[in-house]
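Throughout, a chain's letter reflects where its sequence line sits, starting with A, and its residues are numbered from 1.
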2 protein chains.
Amino acid sequence: MLDDLDRRLLEILIKDSRTSLKELAQQVGLSSPSVAERLRRLEDRGVIRAFTVEIDPQALGYTLQAIVRIRPLPGKLHIVQKLIEGIPEFGECDKVTGDDCFVARLFVRSIGDLDKLLDRIADKAETSTAIIKAQPIRRRPPPLAATAFSNP
Amino acid sequence: MLDDLDRRLLEILIKDSRTSLKELAQQVGLSSPSVAERLRRLEDRGVIRAFTVEIDPQALGYTLQAIVRIRPLPGKLHIVQKLIEGIPEFGECDKVTGDDCFVARLFVRSIGDLDKLLDRIADKAETSTAIIKAQPIRRRPPPLAATAFSNP
DNA sequence: TAGTTCTACCTAATTAAATAAGGTGATGAC
DNA sequence: GTCATCACCTTATTTAATTAGGTAGAACTA
């Protein structure tokens, strides 16, 4: 589905999505119209979901982050999900198996703000929280190649 | 630190970082050189950490994701951290307070692969895993404005 | 107060990039 | 063997980014 050239293009774009077609073309040994066509197809196929910018939460005043495990009380699952959707402080949120709950990231400016946010869902779910101070260790996209199993 | 125009520019760029300067300029009511200058400064200040692409893990064959809680055995914290850094299947990873451990995302192609990865750190840490099937509910950057507390 | 500096913006000209148009050669289907 | 199709190419055109130089207003200084 993805060939080696596609993977190389994606690798470069993950690092800097403003890399020009000319530069991309040189690096993979194609002409720029060919690269443009490949990128267009990667987008069409949904491989590239978006061109975006990564923003430093600290620059916006979010000096604290928290990973929250939210287990909705019986019958409240959809209500809780709606709540989460509506609160901008929630970053990525995953519904996980096993203990049937959500695991979400919260961006906050203080412990106080965190408490207030958790209060909002307190009567609809059980929560447990782990605080992350300052910057996460690592943020990365899925691997493109050369995984521990090397079966791309 | 960030004024309203900056926030509006960031909002547009989060949605599509290829938006042209001309288009950005029109939307916020500036000229394109002014917008270019603002973006340059946002990058210099570290507010914009990177221009990047968001890639669909499924398109790369990662049909499964897992959130893993990793609690290193006494004295093994740095070894575990090094291990995580070296395994490409690990996505974002946070060191969290409270129970003194890591919370990380793993991209895998099968439960078998997940087991093999966890085996690698089994003698150095305790782990507990929650599986995410298919797509996460939501992935989002920190809020730019209009938070639950509206104190930007 | 008058002069100076700084900042954030502008317009116009230049340079660079993306796109569109049209062509070639290899591969596979009928 | 002919005809499509595909992925690529080059060249020309269009569009975008950058550079250079200038202006108005705020704050700073003598």
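Atom pair Arg18(B):CZ and dT15(D):P shows a separation of 18 Å (rounding to whole Å applied). Spacing between atom CG of Leu13(B) and atom P of dA17(D) amounts to 11 Å, rounded to whole angstrom units. Rounded to whole angstrom, the span from the CG atom of Leu21(A) across to the C1' atom of dC9(D) amounts to 15 Å. Rounded to a whole Å, the NZ atom of Lys22(A) is 15 Å from the C1' atom of dT10(D). Computed from coordinates, the Glu37(B) CD to dT18(D) P distance equals 11 Å when rounded to whole Å. Rounded to whole angstrom, the span from the CG atom of Leu24(A) across to the C1' atom of dA18(C) amounts to 12 Å. At whole-Å resolution of the value, CG in Leu39(B) and P in dA17(D) are 10 Å apart.
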Could you give me the CA-CA distance, side-chain angles and deciding distance for Arg105(B) and Asp94(A), then say whether salt bridge (charged side-chain N to carboxylate O under 4.0 Å, His left out) is met? CA-CA 11 Å; Arg105(B) 183 184 302 269; Asp94(A) 300 276; 2.8 Å; yes
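The shortest distance between side-chain heavy atoms of Val108(B) and Thr63(B) does not fall below 4.5 Å. A heavy-atom distance below 4.5 Å is found between the side chains of Gln81(B) and Lys95(B). Annotation: side chain of Pro72(A) is not in contact with side chain of Ile79(A) (no heavy-atom distance under 4.5 Å).
Under the 4.0 Å criterion applied to side-chain N and carboxylate O atoms, Lys116(A) and Asp113(A) are assigned as salt-bridge partners. With respect to the salt-bridge test (charged N to carboxylate O, under 4.0 angstrom), the residues Arg45(A) and Asp6(A) qualify.
The side chain of Ser20(B) sits closest to dA17(D) out of dA17(D), dA18(C), dA20(C).
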Listing time: all N or O pairs from protein to nucleotides 5-9 of chain C that are below 3.5 Å?
| unit_1 | atom_1 | unit_2 | atom_2 | d |
| --- | --- | --- | --- | --- |
| dC9(C) | OP1 | Arg38(B) | NH2 | 2.7 |
| dC9(C) | OP2 | Arg38(B) | NE | 3.2 |

